Q: 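One structure coming up, written as structure tokens, with questions to follow.
These numbers were taken from a predicted model, which means no experiment stands behind them. Each chain gets a letter, A, B and so on, in the order the sequences are listed, and its residues count up from 1.
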Amino acid sequence: MTIQFYDARRRRKAPFEPLHPGEARLYTCGPTVYKDAHIGNLRTYIFEDLLRRTLKFFGLKVVQVMNLTDIDDKTIRQSHASGVALKTLTAPIIERFFRDLKLLNIERAEIYPAATDHIPEIIALIERLLAKGYAYQAENNVYFSVERFPEYGQLSGMNLQALARGVRIDADEYEDKENFRDFALWKGWTQEDGDVAWDSPFGRGRPGWHIECSAMSMKYLGEEFDIHTGGVDNIFPHHENEIAQSVAATGKSFVRYWLHSAHLLVNGEKMSKSLGNQWTLSDLLERGLSPRAIRYLLLSGHYRQQLNFTFEAVQAAGAALQRLDTLHQAASTAEGDGPARDSVRRIIETARNKFSAALADDLNISEALAALFDLVAEAHRIRREMPLNRAEGFALQNFWHYVDRVIGALITDEVEIPTEIEQLVHNRMRLRTDRKYAEADAIRQELAGKGYQIDDTNQGSVIIWAKGRKLVNIPH
RNA sequence: GGCGGCGUAGCCAAGCGGCUAAGGCGGAGGUCUGCAAAACCUCUAUUCAGCGGUUCAAUUCCGCUCGCCGCCUCCA
């Protein structure tokens with residue numbers, strides 16, 4: 001199947017042709033580790049996870065690099081202000097970042113390089129740019145000269161003339177630049193940097209913002225690689241500058257496909273500090289939202305479309321998952337011998353085809369999910385005529401595992417029910433069979449007191465819930 | 001001011017030249033059920049922000065208007 005992605009530079013969808021056949025190399029913009037990720041950051045990471053999982057789904061070997069930006073104005077300022085070493089400041093934030101990824105079932109990238117560990121590579125790249133004449137030193141700073149790079153602005157569609165108009169310039173900060181659009185590759189040490197500084201041929205200082213990504217991506221993925229992603233806000237200036245410095249240094253095209261995720265809105269509004277809606281995952285979990293439903297919600301909208309995050313939407317996502325769970329439950333408790341019916345085989349095949357075709361078309365997850373729900377409806381229709389047999393249940397479960405390689409929210413870990421609880425459930429089942437309803441209800445009360453909700457189904461089985469999460473379906 | 005995106009049912013959201021405009025949530029009926037719940041079934045947009053144009057044919061292409069949003073030096 002031909003995968004196609006919307007490439008931001010060409011502004012159209014283009015068939016994905018990896019540079020190295022059978023392998024996709026991607027650089028996904030990761031967190032700046034000065035504070036915990038908010039839900040908008042996480043949306044981008046989920047998009048990148050979807051991309052990665054989809055590439056693997058289509059049989060490609062994936063090498064994903066996600067940078068941890070630990071040198072920037074904010075990390076340095078905080079480090080200096082609190083008198084804490086940079087690494088000491090960022091370590092716990094990085095730890096919580098990985099915890100969030102785990103909670104949202106985001107797959108780990110192959111490499112998580114930190115800027116602070118790549119100073120030599122950064123310096124080498126800057127030297128290359130100086131040698132080729134694309135960069136110049138002024139005082140203790142090294143700048144990239146955008147005027148010497150004629151293709152500048154291709155990605156963002158901005159040209160230097162347009163950029164020159166209507167923008168205020170902080171004259172103090174940029175007075176040593178030849179052109180105010182020039183950006184720093186190396187920043188000479190200033191008082192505010194505290195002890196965040198490295199020696200270099202250009203003097204003591206620290207890297208600029210964009211250069212780390214060029215240095216680290218080239219180190220791990222090669223001077224030219226397949227995919228680079230990030231939030232739309234990175235298009236300009238970050239990615240534009242990355243292209244400029246990378247292409248200028250190597251003469252190669254750098255990145256073949258640029259993919260950007262649209263921003264998340266919260267209750268229809270842009271997230272901002274002043275609105276207090278920059279929720280972290282922890283904030284949401286404290287309010288009782290399930291990470292699984294959050295993942296589903298963040299995943300379910302197309303990545304190039306703004307997504308409005310509301311509690312109601314998380315609720316709706318949870319309900320949608322439940323509909324998918326119900327069929328999975330039915331499949332896993334199916335009984336009876338014999339071969340799978342053709343009708344069951346057929347609906348699975350149809351869903352399989354639609355699912356992968358949708359994903360191959362620029363990660364059209366909404367359409368892919370629709371294929372799943374169509375399957376659910378069809379399966380129930382078939383099930384009503386005659387319950388699923390074991391072969392059919394197995395086929396459906398298989399398919400669930402197959403699509404969950406991409407969705408990452410369908411198959412949940414089996415939860416152990418304490419024997420004591422299971423015993424009570426079975427006792428109650430017997431009492432119900434004996435029509436001793438008062439005693440059965442008493443046990444249900446007792447279980448509710450222990451945090452387990454019991455739902456009877458019309459097949460005689462029961463479903464156990466705890467903390468709003470479906471735990472198990474115990475067959476009669 | 002420059003560059004770009006979006007406006008599809010109560011809400012979310014696909015489709016982007018031609019079969020009855022996917023799917024989810026919610027809602028309304030129904031089936032099942034000791035109860036409670038869950039689950040399942042059916043229904044829920046004569047129409048795609050508005051107005052023009054191109055075309056045999058437009059939600060899909062073009063233009064204008066209205067509304068919302070993003071970027072324009074360190075915000076994913």
Q: I want to verify a distance call: between B/A76, B/G4, B/A38, whose nearest atom is closest to the A/Arg11 side chain?
A: B/G4
Q: Atom CD of A/Glu367 and atom P of B/A22: how far apart are they, to the nearest Å?
A: 12 Å
Q: Going by ring-ring contact (aromatic ring centres under 6.0 Å, His included), name the residues that satisfy it together with A/Phe5, two or more places apart in sequence or in a different chain.
A: A/Phe16
Q: Under 4.0 Å between any heavy atoms, over every strand shown, what does A/Gln315 touch: base, sugar-phosphate, or nothing? Just pick one.
A: nothing
Q: Taking the same atom, P, in B/U44 and in B/U20, what whole-Å distance lies between them?
A: 16 Å
Q: Do the side chain of A/Ser366 and the base of B/A14 come within less than 3.5 angstrom through a donor-acceptor pair of N or O atoms?
A: no
Q: Below 3.5 Å is the cut-off: list the nitrogen or oxygen pairs between protein and nucleotides 66-71 of chain B, distance only.
A:
from  : atom 1 : to       : atom 2 : distance (Å)
B/C69 : O2'    : A/Gln306 : NE2    : 2.4
B/C71 : OP1    : A/Lys270 : NZ     : 3.3

Q: Indicate, with a heavy-atom threshold strictly under 4.0 Å, whether A/Ser156 touches base, sugar-phosphate, or nothing.
A: sugar-phosphate
Q: With nearest nucleotides of RNA chain B determined for A/Arg428 and A/Leu297 from heavy-atom distances, which residue corresponds to the more 5′ nucleotide?
A: A/Leu297
Q: My validator wants the stems of RNA chain B: runs of 3 or more consecutive Watson-Crick or G-U pairs, both distances under 3.5 Å, written as range with range.
A: B:1-7 with B:66-72, B:10-12 with B:23-25, B:26-31 with B:39-44, B:49-53 with B:61-65
Q: At 4.0 Å (heavy atoms only), tell me whether A/Ala320 reaches a base, stays on the sugar-phosphate, or touches nothing.
A: sugar-phosphate
Q: Under the rule for salt bridge (charged side-chain N to carboxylate O under 4.0 Å, His left out), what residues qualify as partners of A/Glu446, not counting sequence neighbours?
A: none
Q: May I ask you to check if A/Arg287 and A/Phe311 form a cation-pi contact, with NZ or CZ under 6.0 angstrom from the six-membered ring centre and within 45° of the axis?
A: no
Q: Does B/A39 have its OP1 or OP2 closer than 4.0 Å to a side-chain nitrogen or oxygen of A/Gln322?
A: yes
Q: Apply side chain to side chain donor-acceptor pair (under 3.5 Å) to A/His210 and list each qualifying residue two or more places apart in sequence or on a separate chain.
A: A/His238, A/Asn241
Q: Can you check the distance between B/C41 and B/G23, where both ends of the measurement are the P atom (answer in whole Å)?
A: 12 Å
Q: Would you please indicate if the ring centroids of A/Phe57 and A/Phe355 are separated by under 6.0 Å?
A: yes
Q: Given the ring of A/Phe144, does A/Arg181 sit roughly above its face, with NZ or CZ under 6.0 Å from the centre of the six-membered ring and within 45° of the axis?
A: no
Q: Using the P atom as the reference point in each nucleotide, state the distance between B/C25 and B/G52 in Å, no decimals.
A: 38 Å
Q: What does A/Arg384 touch in the nucleic acid at a heavy-atom separation under 4.0 angstrom: a base, only the sugar-phosphate, or nothing?
A: sugar-phosphate
Q: With the criterion set at under 5.5 Å between ring centres and under 30 degrees between planes, would B/G34 be stacked on A/Tyr437?
A: yes
Q: Provide the distance between the two P atoms, one in B/A76 and one in B/U42, to the nearest whole Å.
A: 46 Å
Q: What integer distance in Å separates A/Tyr303:OH from B/A13:P?
A: 17 Å
Q: On a whole-Å scale, what distance lies between the C1' atoms belonging to B/C72 and B/A9?
A: 37 Å
Q: Between B/U60 and B/G18, how far apart are the C1' atoms? Round to whole Å, please.
A: 11 Å
Q: If you assign each of A/Ala377 and A/Ala313 to its closest nucleotide in RNA chain B, which residue comes earlier from the 5' end?
A: A/Ala313
Q: Considering every strand and a 4.0 Å limit on heavy-atom distances, what is the contact class for A/Gly157: base, sugar-phosphate, or nothing?
A: sugar-phosphate
Q: When all nucleic acid strands are considered with a 4.0 Å heavy-atom cut-off, which category describes A/Asn41: base, sugar-phosphate, or nothing?
A: base
Q: Show me the donor-acceptor pairs, under 3.5 Å and distance only, between side chains in residues 40-47 of chain A and residues at least two apart or in other chains.
A:
from    : atom 1 : to       : atom 2 : distance (Å)
A/Asn41 : OD1    : A/His38  : N      : 2.8
A/Asn41 : OD1    : A/His38  : ND1    : 3.3
A/Asn41 : OD1    : A/His38  : NE2    : 3.3
A/Arg43 : NH1    : A/Ala262 : O      : 3.0
A/Arg43 : NH1    : A/Gln305 : O      : 3.0
A/Arg43 : NH2    : A/His302 : O      : 2.9
A/Arg43 : NH2    : A/Gln305 : O      : 3.0
A/Thr44 : OG1    : A/Ser261 : OG     : 3.1

Q: Could you check which of B/U73, B/A39, B/A37 has an atom nearest any side-chain atom of A/Arg181?
A: B/U73
Q: Checking A/Gln154 now: which residues fulfil side chain to side chain donor-acceptor pair (under 3.5 Å) with it, not counting sequence neighbours?
A: none
Q: Of all the heavy-atom pairs spanning A/His260 and A/Arg304, show the shortest one and how long it is.
A: O-CG, 3.8 Å
Q: Any donor-acceptor pair, under 3.5 Å, between the side chain of A/Arg444 and the base of B/C35, if you only look at N and O atoms?
A: yes
Q: Measure CG/A/Leu327 against P/B/A38 and give the value in whole Å, please.
A: 19 Å
Q: Expressed as a whole number of Å, how far does the C1' atom of B/G7 sit from that of B/U59?
A: 12 Å
Q: May I have the distance from A/His228 (atom NE2) to B/A76 (atom C1'), rounded to whole angstrom?
A: 12 Å
Q: Whole angstroms only, please: what is the OH-P distance between A/Tyr45 and B/A76?
A: 6 Å
Q: Whether the side chain of A/Glu392 engages the backbone of A/Asn389 through a donor-acceptor N/O pair (distance < 3.5 Å, no angle test) should be reported.
A: yes
Q: Name all residues meeting the ring-ring contact (aromatic ring centres under 6.0 Å, His included) criterion together with A/Tyr136; count only those two or more places apart in sequence or in a different chain, and write none if there are none.
A: A/Tyr143
Q: Counting only side-chain heavy atoms from C-beta out, which of B/C35, B/A14, B/A39 sits nearest to A/Asn364?
A: B/A14
Q: How long is the line joining CG of A/Leu299 and C1' of B/G24, in whole Å?
A: 14 Å
Q: Looking at B/C25, B/A76, B/G15, which one has an atom nearest to any side-chain atom of A/Ala316?
A: B/C25
Q: Nearest of B/A38, B/G24, B/C35 to any side-chain atom of A/Phe373?
A: B/G24
Q: Should A/Asp73 and A/Arg206 count as an ion pair when the cut-off is N to O under 4.0 Å?
A: yes
Q: Under 3.5 Å, is there any donor-acceptor pair linking the side chain of A/Arg323 to the base of B/A39?
A: no
Q: Starting the side chain at C-beta, find the nucleotide from B/A39, B/A36, B/A22 nearest to A/Arg383.
A: B/A39
Q: Would you mind reading off the distance between A/Leu369 atom CG and B/A13 atom C1', rounded to a whole angstrom?
A: 10 Å
Q: Given the C1' atoms of B/A14 and B/C6, what is the spacing between them in whole Å?
A: 15 Å
Q: Reckon A/Asp374 touches a base, only the sugar-phosphate, or nothing at all at heavy-atom distances under 4.0 Å?
A: sugar-phosphate
Q: Could you tell me whether the side chain of A/His38 has a donor or acceptor atom within less than 3.5 Å of a complementary atom in the base of B/A76?
A: yes
Q: Does A/Glu367 have any salt bridge (charged side-chain N to carboxylate O under 4.0 Å, His left out) partners at least two apart in sequence or in another chain, and if so, which?
A: none
Q: Taking atom C1' of B/C35 as reference, at what distance in whole Å does atom CG of A/Leu431 sit?
A: 15 Å
Q: What about A/Asn308: does its side chain form a donor-acceptor pair under 3.5 Å with the base of B/C11?
A: no
